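Each remark here refers to the structure printed beneath this line.
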Amino acid sequence: MFTPIFNQYNWDNELRSIYGMTEGDVQRALAREQRTLTDFKALISPAAAPYLEQMAWLSQQATQKRFGKVIQLYAPLYLSNECQNICTYCGFSLDNKIPRKTLTAVELLQELLAVKAMGYQHILLVTGEAQQQVGMPYFRQMLPLVKQHFQHIAMEVQPLDEADYAELHTLGVNTILVYQETYHREDYRTHHPKGKKSNFDYRLECPDRIGRAGIHKIGIGALLGLDDWRADSFFAALHLQYLEKTYWQSKFSVSFPRLRPHVGSLQPKSVITDRELVQLICAWRLFNGDVELSMSTRESPRFRDHIIKLGITSISAGSKTNPGGYAVEPQSLEQFEIDDGRSPAAIAQVIKDAGYEPVWKDWDHALQL
């Protein structure tokens, strides 16, 4: 488990270490081909800000060397906004008095066909955290339907036991995304006062259970703004380094969600600017040349257009963050407000105009060993 490793580190000490990095530390990190966690600290530190142009160029070169000039497109499909947790930053939080909805099989089919009509060949399924409404019995019913229409199935789902992840794998799920939200134990407790999600360690160990279940790809990340984004990013990098060594058969991805407006809106504790987000993305690429880096429609069109060449390998388009948002019930409450509302076709054209190739699916079952 990652927990014993995590417990060897102190949040405040790592925070001081990051902010204590010098220009010399940054220069040494940039000069290396293989970078350590200490180098990653230097690259996300305030001292690295003047080196952003060099970081961006190196990140672009490293990304093209490993992934080529290809950007994968994806779209989330929300199955439900039912949730048993109270989370201070989420529109689906139990204490928000909103209409709740879980898609039926007929409604799910309508949503699947609407997403497929946009050109997608793989799908990201997203649920609230409600075991009774959207637990394993629901997934056993719905996933065979999804599998009929999409080659690749990813899920952003509540933390489950290892046996449940293994069963999801047999039902056709290739990728599981789970975000720690924040690695600051005390602040995590503040933002998750009620529900199963309040168990910090159970969530922290979730990628371990996914890895042992043999899932093809594991996605991690922190919600940027809940606490200091630099410290959270360091602990996410520590987590990824452990996961890659332990579950080397799996692939990995990292996402960069920033707090967005929602019902019961929470003000960010730590604001990350556009320039700092570019710095963070480039730092990740220079730290790890193999990890997939993902960008959602939370960000503005201008930002997303410019980030295509700087390290991102997958980007969402045409996203709806509410159950039924594509066809069944477009006006139902969103989990958060998106910023880039352009169609998938429009985003694909932006990618082409940048000299890159848009790809509509992750991988094919024919390539599975």
Side-chain angles (χ1 to χ4, degrees), residues 1-30 32 34-49 87-89 159 178-193 196-211 218-247 252 254-259 266-273 276-277 279-284 286-288 291:
M1 290 290 188
F2 175 62
T3 304
I5 296 173
F6 174 79
N7 288 338
Q8 295 174 20
Y9 290 79
N10 177 274
W11 175 280
D12 292 335
N13 290 343
E14 299 308 324
L15 192 61
R16 283 192 293 270
S17 175
I18 293 168
Y19 281 88
M21 288 289 165
T22 67
E23 289 196 20
D25 295 320
V26 176
Q27 291 168 357
R28 282 187 288 273
L30 291 173
R32 294 190 177 103
Q34 300 295 324
R35 298 175 180 92
T36 66
L37 278 168
T38 300
D39 294 327
F40 182 73
K41 286 183 189 179
L43 295 174
I44 62 174
S45 73
C87 302
T88 62
Y89 50 84
V178 59
Y179 307 130
Q180 187 61 26
E181 314 298 13
T182 178
Y183 286 85
H184 191 290
R185 188 181 290 272
E186 289 72 26
D187 272 6
Y188 182 95
R189 187 179 300 113
T190 299
H191 292 296
H192 307 95
K196 190 174 181 179
K197 195 171 180 178
S198 62
N199 187 331
F200 180 91
D201 288 334
Y202 186 75
R203 193 171 189 89
L204 187 67
E205 294 168 354
C206 193
D208 278 289
R209 298 191 296 275
I210 298 170
I218 304 170
I220 66 170
L223 181 55
L224 303 176
L226 281 188
D227 213 293
D228 187 283
W229 64 266
R230 291 182 168 93
D232 261 327
S233 298
F234 165 76
F235 280 101
L238 175 70
H239 203 170
L240 177 67
Q241 186 178 78
Y242 158 82
L243 291 169
E244 285 190 326
K245 290 180 179 178
T246 309
Y247 308 104
F252 296 90
V254 173
S255 298
F256 304 91
R258 284 195 281 191
L259 275 176
L266 172 76
Q267 292 300 312
K269 179 178 178 179
S270 170
V271 175
I272 177 171
T273 66
E276 289 170 337
L277 183 52
Q279 177 185 345
L280 177 60
I281 291 168
C282 293
W284 268 106
L286 297 180
F287 172 65
N288 190 310
V291 68

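If you read the sequence from its start, that first residue is 1, and numbering goes on from there. Keep in mind the model is a prediction, meaning the values are calculated, not measured.
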Q) Side chains of Ser17 and Thr38: closer than 4.5 Å at any heavy-atom pair? A) no

Q) Less than 4.5 Å apart, any side-chain heavy atom of Phe234 and any of Leu37? A) yes

Q. Side chain of Arg230, backbone of Lys41: donor and acceptor closer than 3.5 Å?
A. no

Q: Of all the heavy-atom pairs spanning Ser198 and His192, show the shortest one and how long it is.
A: CB-O, 3.0 Å

Q: Would you mind reporting whether Leu43 and Arg35 have side-chain heavy atoms less than 4.5 Å apart?
A: yes

Q: Give a yes or no on this: more than 12 heavy atoms of other residues, nucleotides or ligands lie within 6.0 Å of atom CD of Gln34.
A: no

**Q.** From OG1 (Thr246) to CE (Met1), nearest 0.5 Å
**A.** 11.0 Å

Q: Take Asp227 and Trp11 through the test side-chain contact (heavy atoms from CB on, under 4.5 Å) and record every step on the way to the result.
A: CA-CA 11 Å; Asp227 213 293; Trp11 175 280; 3.3 Å; yes

**Q.** Between CD1 on residue Ile281 and OG on residue Ser233, distance to nearest 0.5 Å
**A.** 10.5 Å

(Q) With rounding to the nearest 0.5 angstrom, report the CD1 to CZ distance, Ile220 to Phe235. (A) 13.0 Å

Q) Of Tyr242, Tyr9, Tyr247, which meets ring-ring contact (aromatic ring centres under 6.0 Å, His included) against Phe2? A) Tyr242

(Q) Going by ring-ring contact (aromatic ring centres under 6.0 Å, His included), name the residues that satisfy it together with Phe200, two or more places apart in sequence or in a different chain. (A) Phe6, Tyr188

(Q) With heavy-atom distances below 4.5 Å as the criterion, would you say the side chains of Thr3 and Tyr202 are in contact? (A) no

Q.
Minimum heavy-atom separation for Phe287 and Ala237, please, with both atom names.
A. CE2-CB, 3.9 Å

Q.
With side-chain contact (heavy atoms from CB on, under 4.5 Å) as the criterion, how do Arg258 and Trp229 come out once you've worked through the C-alpha distance, each side chain's angles and the decisive distance to 0.1 Å?
A. CA-CA 10 Å; Arg258 284 195 281 191; Trp229 64 266; over 6 Å; no

Q) Hey, what do you get for OG (Ser255) to CG (Leu224), rounding to the nearest 0.5 Å? A) 10.0 Å

Q. Picking from Thr190, Asp232, Asp187, what satisfies side chain to side chain donor-acceptor pair (under 3.5 Å) with Thr182?
A. Asp232

Q: Could you grab the distance from atom CG of Leu286 to atom CD1 of Ile44, nearest 0.5 Å is fine?
A: 12.5 Å

Q: Heavy atoms only: give me the nearest Ala42-Ala48 pair and the separation to one decimal.
A: O-CB, 3.4 Å

(Q) In the structure I gave you, are the side-chain heavy atoms of Asn288 and Phe252 within less than 4.5 Å of one another anywhere? (A) no

Q. How long is the span from the CG atom in Leu243 to the CG atom in Asp208, to the nearest 0.5 Å?
A. 6.0 Å

Q: Over all heavy atoms of both residues, which pair between Val271 and Glu276 is shortest? Give the atoms and the distance, please.
A: O-OE1, 3.7 Å

Q) Can you find a heavy atom in the side chain of Arg209 that is under 4.5 Å from one in the side chain of Pro159? A) yes

(Q) Do Asp25 and Arg28 make a side-chain contact, defined as non-hydrogen atoms from C-beta onward lying under 4.5 Å apart? (A) yes

Q: Could you tell me which residues satisfy ring-ring contact (aromatic ring centres under 6.0 Å, His included) with Tyr183, sequence neighbours excluded, listed by chain and number?
A: His239

Q. Closest approach of Pro4 and Gln8, non-hydrogen atoms and distance?
A. O-CG, 3.3 Å

**Q.** Gln27 side chain to Thr22 backbone, donor-acceptor under 3.5 Å
**A.** no

Q.
Within the 3.5 Å criterion, strictly below it, is a donor on Asn7 or Arg185 matched to an acceptor on the partner's side chain?
A. yes

Q) Is any side-chain heavy atom of Val178 closer than 4.5 Å to a side-chain heavy atom of Arg203? A) yes

